[in-house]
Amino acid sequence: MNTFDHKTRGTLFFLALFFLVTLLPAQDAKGGIKERMKGRFAKINDLKKSGKIGETPQGFLEAVKPKSAGDSAIVELLTAENNDRKLLYGLIGKDSETSEEEVGITNAKRIFQKAPETDYFKSADGVWKKKKNMTVEKTEQE
Amino acid sequence: MKFFSCLLAAGFLLAAAGCWTLTVRHKIDPIYITMDVNVKAEKQLNEFFDFEDQRDSSGTPANTTRKKIEKEK
């Protein structure tokens with residue numbers, strides 16, 4: 001009646017357990033990060049549009065103006081977003097067998113390509129510039 | 001004597017050709033691996049951030065709308 005013998009059933013059970021232990025938590029973590037990021041997306045877009053925050057070459061958000069850096073609501077939002085981005089880069093890095101930093105740089109490039117011309121980006125020498133003024137980086141992207 | 005000179009020259013040529021082939025292989029492989037890893041990470045990032053392209057009430061992707069508004073200004 002039984003399709004599998006005792007030994008095969010045992011192996012299948014341990015394989016299923018292995019997938020549950022290793023893959024599901026990663027998927028859960030990604031799902032949680034995604035939901036939190038979705039919730040912050042509109043606020044972040046508004047702050048980018050007003051020129052208060054911008055993107056770094058490492059794939060994180062920072063306050064562009066010192067005044068914004070002192071605003072506790074903005075700092076709280078940036079910290080939450082950057083913490084989630086760090087977690088996400090780690091998870092994707094693990095999946096694609098690359099480093100967290102490399103994933104961050106890849107995401108920074110992705111964001112740059114999709115961003116409107118007026119968004120702020122930190123150049124390699126630490127200066128904030130609007131996308132339309134970043135001629136060198138633009139050429140590299142193309 | 002002439003035969004041995006030719007044999008020696010042919011030996012040198014073969015050895016040089018062999019070394020040249022090895023050098024090229026070492027240079028190509030790492031580039032291929034790096035590109036593969038980046039594409040993998042990029043694909044996962046694009047899948048994760050699909051909500052950035054979600055359509056707004058007017059039917060256009062969120063980012064496109066933002067770009068349009070800023071261009072109009």
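So you know, we letter chains A, B, ... as the sequences are listed, proteins then strands, and number each from 1. Bear in mind the structure is a predicted one, so any value in this text is a computation, not a measurement.
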Asn107(A) side, atom CG; Phe48(B) side, atom CZ - distance, nearest 0.5 Å
9.5 Å
Can you say whether Leu88(A) sits under 4.5 Å from chain B via the side chain, the backbone, both, or neither, judging by heavy atoms?
side chain
In terms of hydrophobic clusters joined by side-chain contacts under 4.5 Å, are Trp128(A) and Phe112(A) together?
no
Side-chain contact test, heavy atoms from C-beta onward, threshold under 4.5 Å: evaluate it for Met37(A) versus Phe51(B) and give yes or no.
yes
Should Ile92(A) and Ile33(A) be regarded as members of a common hydrophobic cluster, given that ILVMFWY residues are connected when their side-chain heavy atoms come within less than 4.5 Å of each other, either directly or indirectly?
yes
Quick check on Lys34(A): does its NZ atom have over 12 non-hydrogen neighbours (other residues, nucleotides or ligands) under 6.0 Å away?
yes
Is it true that Leu47(A) and Tyr120(A) fall in one hydrophobic cluster, defined by side-chain heavy atoms closer than 4.5 Å?
no
Hphob cluster co-occupancy, Ile105(A) + Phe121(A), side-chain heavy atoms under 4.5 angstrom:
no
Shortest non-hydrogen separation from Ala41(B) to Val103(A) and the atoms involved
CB-CG2, 4.3 Å
Side-chain donor-acceptor pairs of residues 69-77 of chain A under 3.5 Å, sequence neighbours excluded:
unit_1   : atom_1 : unit_2   : atom_2 : d
Asp71(A) : OD1    : Ala73(A) : N      : 3.0

Is the closest side-chain heavy-atom distance between Thr106(A) and Gln44(B) below 4.5 Å?
no
Are side-chain heavy atoms of Arg110(A) and Glu52(B) found at a separation under 4.5 Å?
yes
Heavy atoms only: give me the nearest Asp95(A)-Lys40(B) pair and the separation to one decimal.
O-NZ, 4.3 Å
